[in-house]
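All remarks here apply to the structure that follows.
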There are 2 protein chains.
Amino acid sequence: MKSVKQKSAPRAATRSDTLRSQLENLIVDGHLKPGERLDETELASRFNVSRTPVREAIKSLVATGLAEIRGRQGASVTVLSIPVLLEMFEVMATLEGMCSGFAARRSTAAQRTRLREIHTELIRANEAGEPEAFYKVNALFHDTIYEASHTNFIAEQTWQLRRRLAPYRLRVTYQPGRMQATLVEHLRIIEAIEAADGKAATQAAMDHVKLLGDDLPDFIASIQKSIIGD
Amino acid sequence: MKSVKQKSAPRAATRSDTLRSQLENLIVDGHLKPGERLDETELASRFNVSRTPVREAIKSLVATGLAEIRGRQGASVTVLSIPVLLEMFEVMATLEGMCSGFAARRSTAAQRTRLREIHTELIRANEAGEPEAFYKVNALFHDTIYEASHTNFIAEQTWQLRRRLAPYRLRVTYQPGRMQATLVEHLRIIEAIEAADGKAATQAAMDHVKLLGDDLPDFIASIQKSIIGD
DNA sequence: AATTACTATTCTGCATACATAATGGTAGCA
DNA sequence: TGCTACCATTATGTATGCAGAATAGTAATT
């Protein structure tokens, strides 16, 4: 789901847009940690452009919440407090639930097959002990559900929120037992979608995203490692 | 709820930020209709600034979804399709529901009193036949609920989505019977919050936002008037 | 030794200039 | 008369220059 927002127009890639996308990926992939400074001149020279497109890219990131600006003191990658993170997970659970619910009612046979394939691949990655691969394929699983939901706005919102949370989830994925649990939860979602049971699919997806039981303290503890400095 | 996102820092108002806010208000208030062009040079001369802050403001609007850019062909106020609008209302209902639910559990006595006051004012505006006043006070009612929810992210998201939908709702508010119905629905929400009944509050708010029965075709019919050109 | 004040440097915010793509209009040709 | 091609104009994208604010570092005073 590289581009939910892709429009009909071929849109010539401007430096500004390219940069935004690059910076976004750096943040989402954890190469730019929350709290890290986004120095305009440094980024400009690093990407061989002038400060103008850099500034515009940063403005976009700020508007989407990935970066924040404090007065005239430059931008930095957004640092999310734990209360806010919990709220975001709550919304995320709801949105994922909606996507799964729609997917149960609207998915094509090909998309359901695709989900099974991805699930198989996830099992493989887990058994092979490849957390990085697991992380990527897992994202693919969710992207496929968004697509299968045949929604525009909801899928886009869910995807965006997922990316905002990504920097904080990176470390969680690798925690022992989490991958195994994910597989079980995914299976529940898949089966509900295959059964065209919207309610069950919604519930399964919500449960999957929600931070329950032991995961919550683990998650909170892991957050500190995601943030720069302190 | 002028600024949910207001941070501790005093943040010196930059021209770029001021402009973004101004343009946002123009869009939300319907003075810039969906589809209307956002000419950089024209806006620059109109607001007596250079193109740079104008561009940055537009970039922000695009990132938040209020405006859209097609390639190198300039920006314009976002035109939402009916399917997307319906999705947005669905998410809106969920978010409003969450806010009300939280408000039922977290609101202060002062905030509950405030809701009653606003409700009284709404009744007055209705009886006096002042739809513009009704519209404004109505927004205040919802802002107060967001505040009473004592959430950060959720309230902010709800508020933002509300603003994105605003241009399309302007005409709906004035439809006959809608104000009367709103009052009844608001009362349900207030009573649920006063009873500290989270579930009931959530449900009441969702029902209030959802487009039900006759409202849907009315709404769809009214949209055309909101859009420029065609 | 610690704190404060001042200065210098750095970085942000804004304006302007230039290059390139898109649009509109006109002229030429079929 | 209608269509196409070319040119002019306009507007967007990018670079650069300048002014002002913030930060850091140093020196001076208590």
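Hydrogens, waters and symmetry mates play no part in the numbers below; they use all other heavy atoms, side chains included. Naming convention: chains lettered A, B, ... in sequence-line order (proteins, then strands); numbering from 1 in each chain.
With dA15(C), dA11(D), dT14(D) as the candidates, the nucleotide lying closest to the side chain of R15(B) is dA15(C). Comparing dT14(D), dT12(D), dC11(C) by their nearest atom to the side chain of D39(B) picks out dT12(D). Checking dT12(C), dT14(D), dA15(C) against every side-chain atom of S50(B), the shortest atom distance belongs to dA15(C).
Listed in residue order, the members of residues 51-60 of chain B having a heavy atom less than 4.0 Å from DNA chain D are R51(B), R55(B).
dA15(D) atom C1' lies 17 Å from atom CG of L43(A), rounded to whole Å. Between E42(B) atom CD and dT10(D) atom P there is a gap of 15 Å when expressed in whole angstrom units. One atom, CZ of R37(A), and another, P of dA22(D), lie 13 Å apart when rounded to the nearest Å. Nucleotide dC11(C) holds its C1' atom 14 Å from the CZ atom of R70(A), rounded to whole Å. Straight-line distance from the CG atom of L38(A) to the C1' atom of dC11(C): 14 Å, rounded to whole Å. Rounded to whole angstrom, the span from the CD atom of Q73(B) across to the C1' atom of dG24(C) amounts to 14 Å. Nucleotide dT16(C) holds its C1' atom 14 Å from the CD atom of E40(B), rounded to whole Å.
Using a 3.5 Å distance cut-off with no hydrogens or angles, the side chains of H186(A) and N138(A) do pair a donor with an acceptor.
Electrostatic pairing of R163(B) and D29(B) does not count as a salt bridge here, judged by no charged N lying under 4.0 Å from a carboxylate O. Using a cutoff of 4.0 Å between basic side-chain nitrogens and carboxylate oxygens, R20(B) and E24(B) are scored as salt-bridged. For E96(A) and R162(A), the salt-bridge test passes: some basic side-chain N is under 4.0 Å from an acidic carboxylate O. Checked for salt-bridge contact, E117(B) and R114(B) meet the test: a charged N lies under 4.0 Å from a carboxylate O.
For the helix from dA1(C)-dT30(D) to dA30(C)-dT1(D), the end axes, each set by the C1' atoms of five terminal pairs, are bent relative to each other by 10° (nearest 10°).
At distances below 3.5 Å, not a single donor-acceptor pair connects side-chain atoms of S76(B) with backbone N or O atoms of R37(B). Q157(B) places no side-chain N or O within donor-acceptor distance of the main-chain N or O of I154(B), the cut-off being under 3.5 Å.
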request  = Go through V84(A) and S81(A) one step at a time and tell me if the side-chain contact (heavy atoms from CB on, under 4.5 Å) criterion holds.
outcome  = CA-CA 5 Å; V84(A) 166; S81(A) 70; 3.4 Å; yes
Step-by-step side-chain contact (heavy atoms from CB on, under 4.5 Å) determination, T182(A) to H208(A) = CA-CA 7 Å; T182(A) 295; H208(A) 174 46; 3.9 Å; yes
